[in-house]
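Before any comments, here is the structure.
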Amino acid sequence: MKLYMKQKVFSWKDKFSIQNSYGEDKYFVEGKLISVGKKLRIYDTAGNELAFVNQKVVSLMPKFSVEMNGEEVAVIKKKFTLFKPKYLIEGPGWEVEGDFFGHDYTITENGAPVVAIHKKWMAWGDTFELDIADESREVLAMAVVLAIDAVLDNQQNSSVSIGD
């Protein structure tokens with residue numbers, strides 16, 4: 001199943017929809033305007049919270065937890081590396097590899113794809129295509145992708161300098 005995350009270019013807080021391949025809203029993502037660390041909630045179209053992505057701010061490297069039904073189901077940690085970013089996904093036993101800066105990577109379990117992420121370059125705003133192998137795991141897959149995207153976004157914003 002393919003889903004599309006289109007994040008708004010000019011927005012004070014994270015708020016966007018995730019659509020199916022027919023362009024219909026399937027999920028909504030909303031972040032807090034003011035918070036310590038990134039906090040994102042995934043809702044279904046009826047407004048029910050399905051997942052909570054929470055940045056752990058007291059950590060040497062970026063670290064996020066994913067909660068579903070009030071229970072922590074995954075922890076995403078960025079590993080310390082000099083050149084190529086690496087992430088550890090604890091909980092579901094998933095592995096992630098690919099071109100993170102190009103937003104073209106795959107999350108696998110025992111070598112089988114869970115979700116493939118591709119950035120659509122000719123779109124207004126950040127638009128990502130998520131090709132999810134098993135529909136029953138799509139909420140967790142989206143939450144993990146949102147955590148990795150938050151780390152990448154934070155790195156890109158902190159590397160921008162104003163003036164010379």
Could you tell me which non-hydrogen atom of I42 sits nearest to which non-hydrogen atom of V139, and how far apart they are? CD1-O, 4.1 Å
Least distance between heavy atoms, P92 atom then E90 atom: CD-O, 3.2 Å
Pair T106-V115, side chain to side chain contact (heavy atoms under 4.5 Å, CB included): steps then yes or no: CA-CA 6 Å; T106 303; V115 58; over 6 Å; no
With rounding to the nearest 0.5 Å, note down the distance linking CG in L140 to CG in D134. 11.0 Å
Which heavy atom of A147 sits nearest a heavy atom of V53, and at what distance? CB-CG1, 4.1 Å
Which heavy atom of F28 sits nearest a heavy atom of D44, and at what distance? CD1-O, 3.9 Å
Donor-acceptor pair, side chain of N69 and main chain of E71, under 3.5 angstrom: no
Within a strict 4.5 Å, meaning less than it, do heavy atoms of the K56 and S65 side chains meet? yes
With rounding to the nearest 0.5 angstrom, report the CD to CD1 distance, Q55 to I76. 11.5 Å
Enter the distance from F128:CZ to M5:CE here, rounded to the nearest 0.5 Å. 6.0 Å
Do Y105 and V96 have side chains that get closer than 4.5 Å, going by heavy atoms? yes
Tell me the closest heavy-atom pair linking A133 and P113, and the distance in Å. CB-O, 3.4 Å
So does E49 pair up with R41, basic N to acidic O under 4.0 Å? yes
Using the rule that Ile, Leu, Val, Met, Phe, Trp and Tyr join whenever any side-chain heavy atoms are under 4.5 Å apart, tell me whether M68 and F64 fall into a single cluster. yes
Are V73 and I89 linked, directly or through intermediate hydrophobic residues, by side-chain heavy-atom contacts shorter than 4.5 Å (ILVMFWY only)? yes
Please determine whether the number of non-hydrogen atoms from other residues, nucleotides or ligands lying under 6.0 Å from atom CD of E109 exceeds 12. yes
Shared hydrophobic cluster for W94 and L88 (ILVMFWY, side-chain gaps under 4.5 Å): no
D25 side chain vs Y27 backbone, donor-acceptor pair below 3.5 Å: no
I'd like to know if the side chain of N20 reaches the main chain of G23, judged simply by a donor and an acceptor atom lying under 3.5 Å from each other, with no hydrogens or angles considered. yes
Which residues satisfy the side chain to side chain donor-acceptor pair (under 3.5 Å) test with E135, sequence neighbours excluded? K26
Contact check, side chains of V29 and I18, non-hydrogen atoms, under 4.5 Å: yes
Compare every heavy atom of M61 with every heavy atom of K79, then report the nearest pair and how far apart it is. O-CE, 3.7 Å
When rounded to the nearest 0.5 angstrom, what is the spacing between OG1 in T108 and CD in E95? 5.0 Å
Verify side chain to side chain contact (heavy atoms under 4.5 Å, CB included) between F52 and K39, making sure each step is shown before the conclusion. CA-CA 7 Å; F52 176 52; K39 295 177 184 351; 3.9 Å; yes
In sequence, state the C-alpha distance, the side-chain angles, and the governing distance for L3 and Q19, and then conclude on side chain to side chain contact (heavy atoms under 4.5 Å, CB included). CA-CA 6 Å; L3 296 176; Q19 300 176 333; over 6 Å; no
Are V75 and I107 connected, step by step, through hydrophobic side chains (Ile, Leu, Val, Met, Phe, Trp, Tyr) whose heavy atoms are closer than 4.5 Å? no
If you count every heavy atom of other residues, nucleotides or ligands that lies below 6.0 Å from E24 atom CD, does the total exceed 12? yes
Does the pair Y4 and E129 meet the rule for a side-chain hydrogen bond (donor to acceptor under 3.5 Å, both in side chains), with working shown? CA-CA 5 Å; Y4 298 89; E129 178 184 83; 3.0 Å; yes
The reported gap from CE in M142 to CD1 in I132 (rounded to nearest 0.5 angstrom) is 6.0 Å
Looking at CG of D104 and CD1 of I117, how far apart are the two atoms once the value is rounded to the nearest 0.5 Å? 9.0 Å
